[in-house]
Asker: 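The structure's right below; bear with me while I get my questions together.
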Amino acid sequence: MIEVSEQINAVTRTIGTRTLEAGQARVLTIAQTYPSPVEDVWDACTNIERIPRWFLPVTGDLRPGGRFQLEGNAGGTIERCDPPKSFAATWEFGGEVSWIEVRLTPAFDGGTRLELEHVAHVDDELWAQYGPGAVGIGWDGALLGLALHLTTGRTVDRQEAAAWMTSPEGLRFHRESSERWREASVRAGTDPQAAREAADRVLAFYTTPPEQS
């Protein structure tokens, strides 16, 4: 797969807030710089035939106003698209609606910085229970998949990836991701003890086998 600490350290994570018409929302931002040019990263993120090579199978119409569905995960509507700079979409899962925006900017060395922003209304009780890692760890996994695809050119084998996630290295990836999101939560103003307890709970969710949960 990939060296865990190297991938974890390549990613930046921040947490903020934003006032929307429906009220206060939480904003998670995750970013990584890849060695590939902007056009290649854009194609990897928007080509319906290429997305499954590093993320999940997807169906639908990936044009403004079109709807998409990721297999076993979220669906939504493409709201904006400005190739090859950015796109925005709703992120609909479990009866809840949130929003994502992906922005691509050229890096000084010819690579590309990808920044993903996830905006969601999360009630205080749920946030206190699980914190940002509830979705942040998943996005860390997505950026890992994209890194593997862009650096090797290969399709990420889903069965192999699932097996890796439960291996010692995969569990370390989850632990380090959870810890970085805990640190981001503290930087955003969360009480350190509360952030630690939330991180422990979300890590258990991601790493406990289903038959033991």
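One-based numbering along the sequence shown.
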Asker: To the closest 0.5 Å, what do you measure between OG1 (Thr207) and CZ (Arg175)?
Answerer: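 Reported value, rounded in 0.5 Å steps: 8.0 Å.
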Asker: Nearest 0.5 angstrom please: Thr46 OG1 to Phe87 CZ, how far?
Answerer: 7.0 Å
Asker: Looking only at heavy atoms, what is the nearest atom pair of Phe68 and Ile78, with distance?
Answerer: CD2-CD1, 3.8 Å
Asker: Test side chain to side chain contact (heavy atoms under 4.5 Å, CB included) on Arg50 and Asp40 and set out the steps.
Answerer: CA-CA 11 Å; Arg50 193 171 174 189; Asp40 188 43; 2.9 Å; yes
Asker: Let me confirm one number: the CG-OG1 distance from Leu148 to Thr155, rounded to the nearest 0.5 Å.
Answerer: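 Separation between the atoms: 11.5 Å.
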Asker: Locate the shortest heavy-atom distance separating Ser167 from Trp164; write the atom from each residue and the value.
Answerer: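 Nearest heavy atoms, Ser167 then Trp164: OG-O, 2.5 Å.
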Asker: Does Tyr34 offer a backbone N or O that forms a donor-acceptor pair with the side chain of Thr112 under 3.5 Å?
Answerer: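 Such a contact is absent between Thr112 side chain and Tyr34 backbone.
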Asker: So which of Gln7, His149, Gln32 actually passes side chain to side chain contact (heavy atoms under 4.5 Å, CB included) with Leu144?
Answerer: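 With Leu144 as partner, Gln7, His149, Gln32 yield a single side chain to side chain contact (heavy atoms under 4.5 Å, CB included), made by Gln7.
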Asker: Donor-acceptor pairs are to be reported for all side-chain atoms of residues 122-129 against protein atoms at under 3.5 Å, with residues two or more places apart or in another chain.
Answerer:
from	atom 1	to	atom 2	distance (Å)
Asp123	OD1	Glu125	N	3.1
Asp123	OD1	Leu126	N	2.7
Asp124	OD1	Arg26	NH2	2.9

Asker: Under 3.5 Å, sequence neighbours excluded: what are the donor-acceptor pairs made by side chains of residues 57-65?
Answerer:
from	atom 1	to	atom 2	distance (Å)
Asp61	OD1	Arg63	NE	2.8
Asp61	OD2	Arg63	NE	3.4
Asp61	OD2	Arg63	NH2	3.1

Asker: With sequence neighbours excluded, tell me which residues meet side chain to side chain contact (heavy atoms under 4.5 Å, CB included) with Pro192.
Answerer: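 With neighbours one apart ignored, the set is Val186.
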Asker: Could you tell me the separation between the CH2 atom of Trp54 and the SG atom of Cys45, rounded to the nearest 0.5 Å?
Answerer: 4.5 Å
Asker: Determine whether the side chains of His118 and Trp91 contain a donor N or O and an acceptor N or O closer than 3.5 Å.
Answerer: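 No - no donor-acceptor pair under 3.5 Å links their side chains.
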Asker: With a 4.5 Å cut-off on side-chain heavy atoms, are Val202 and Trp181 touching?
Answerer: no
Asker: Side chains of Leu104 and Lys85, heavy atoms from C-beta outward: is any pair under 4.5 Å?
Answerer: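 They are not in side-chain contact.
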Asker: Do you know which of Ile8, Leu143, Leu203 makes side chain to side chain contact (heavy atoms under 4.5 Å, CB included) with Ser177?
Answerer: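 The side chain to side chain contact (heavy atoms under 4.5 Å, CB included) with Ser177 is passed solely by Ile8 among Ile8, Leu143, Leu203.
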Asker: Search all heavy atoms of Ala44 against all heavy atoms of Leu150 and return the closest pair with its distance.
Answerer: CB-CD2, 4.2 Å
Asker: Treat each ILVMFWY residue as a node, draw an edge where side-chain heavy atoms are under 4.5 Å apart, and state whether Phe173 and Leu171 are in one component.
Answerer: no
Asker: Does Asn9 offer a backbone N or O that forms a donor-acceptor pair with the side chain of Arg180 under 3.5 Å?
Answerer: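 Flag not set: sc Arg180 to bb Asn9 has no pair under 3.5 Å.
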Asker: Would you kindly confirm whether Phe55 and Ile48 end up in one hydrophobic cluster when ILVMFWY residues are joined by side chain heavy atoms under 4.5 Å apart?
Answerer: yes
Asker: How many angstroms lie between atom CG of Leu114 and atom CZ of Arg103, to the nearest 0.5 angstrom?
Answerer: 9.5 Å
Asker: Taking transitive links into account, so neighbours of neighbours count too, which hydrophobic residues share a cluster with Val119 at under 4.5 Å side-chain distance?
Answerer: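 The other cluster members (ILVMFWY side chains, heavy atoms under 4.5 Å, direct or chained) are Leu20, Val27, Val97, Trp99.
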Asker: For Trp139 and Ile100, what are the C-alpha separation, side-chain angles and deciding distance, and is it a side chain to side chain contact (heavy atoms under 4.5 Å, CB included)?
Answerer: CA-CA 11 Å; Trp139 285 124; Ile100 62 167; 4.0 Å; yes
Asker: Under 3.5 Å, is there a donor-acceptor pair linking the side chains of Glu92 and Thr90?
Answerer: yes
Asker: Taking only residues at least two apart or on different chains, which pairs with a member in residues 189-199 satisfy side-chain hydrogen bond (donor to acceptor under 3.5 Å, both in side chains)?
Answerer: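 Passing the test, one end in residues 189-199: Glu179-Arg196, Ser185-Thr190, Gln193-Glu197.
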Asker: What distance do Glu49 atom CD and Asp43 atom CG have between them, rounded to the nearest 0.5 Å?
Answerer: 9.5 Å
Asker: Which heavy atom of Arg113 sits nearest a heavy atom of Ala31, and at what distance?
Answerer: NH2-CB, 3.3 Å
Asker: Answer yes or no: is there an ion pair linking Arg80 with Glu101, defined by an N-O contact shorter than 4.0 Å?
Answerer: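 Glu101 and Arg80: salt-bridged.
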Asker: Just by modelled atom types, is the Phe205 backbone N or O under 3.5 Å from a matching donor or acceptor in the Thr208 side chain?
Answerer: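 Checked: no pair found.
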Asker: Can you see which heavy atom on Leu56 is nearest to which on Ile51, and at what distance?
Answerer: O-CG2, 3.7 Å
Asker: Looking only at non-hydrogen atoms, find the nearest pair between Pro84 and Val38 and report the distance.
Answerer: O-CG1, 3.4 Å
Asker: Is it the case that the side chain of Ser178 and the backbone of Ala199 share a donor-acceptor pair, with hydrogens and angles ignored and the cut-off at 3.5 Å?
Answerer: yes
Asker: Do the non-hydrogen side-chain atoms of Glu115 and Thr14 ever get within less than 4.5 Å of each other?
Answerer: no
Asker: Sequence neighbours left out, what passes ring pair (Phe, Tyr, Trp, His ring centres under 6.0 Å) with Tyr206? Give chain and number order.
Answerer: His174
Asker: What's the verdict on side chain to side chain donor-acceptor pair (under 3.5 Å) for Arg172 and Ser5, showing C-alpha distance, side-chain angles and the deciding distance?
Answerer: CA-CA 9 Å; Arg172 184 160 73 88; Ser5 294; 3.1 Å; yes
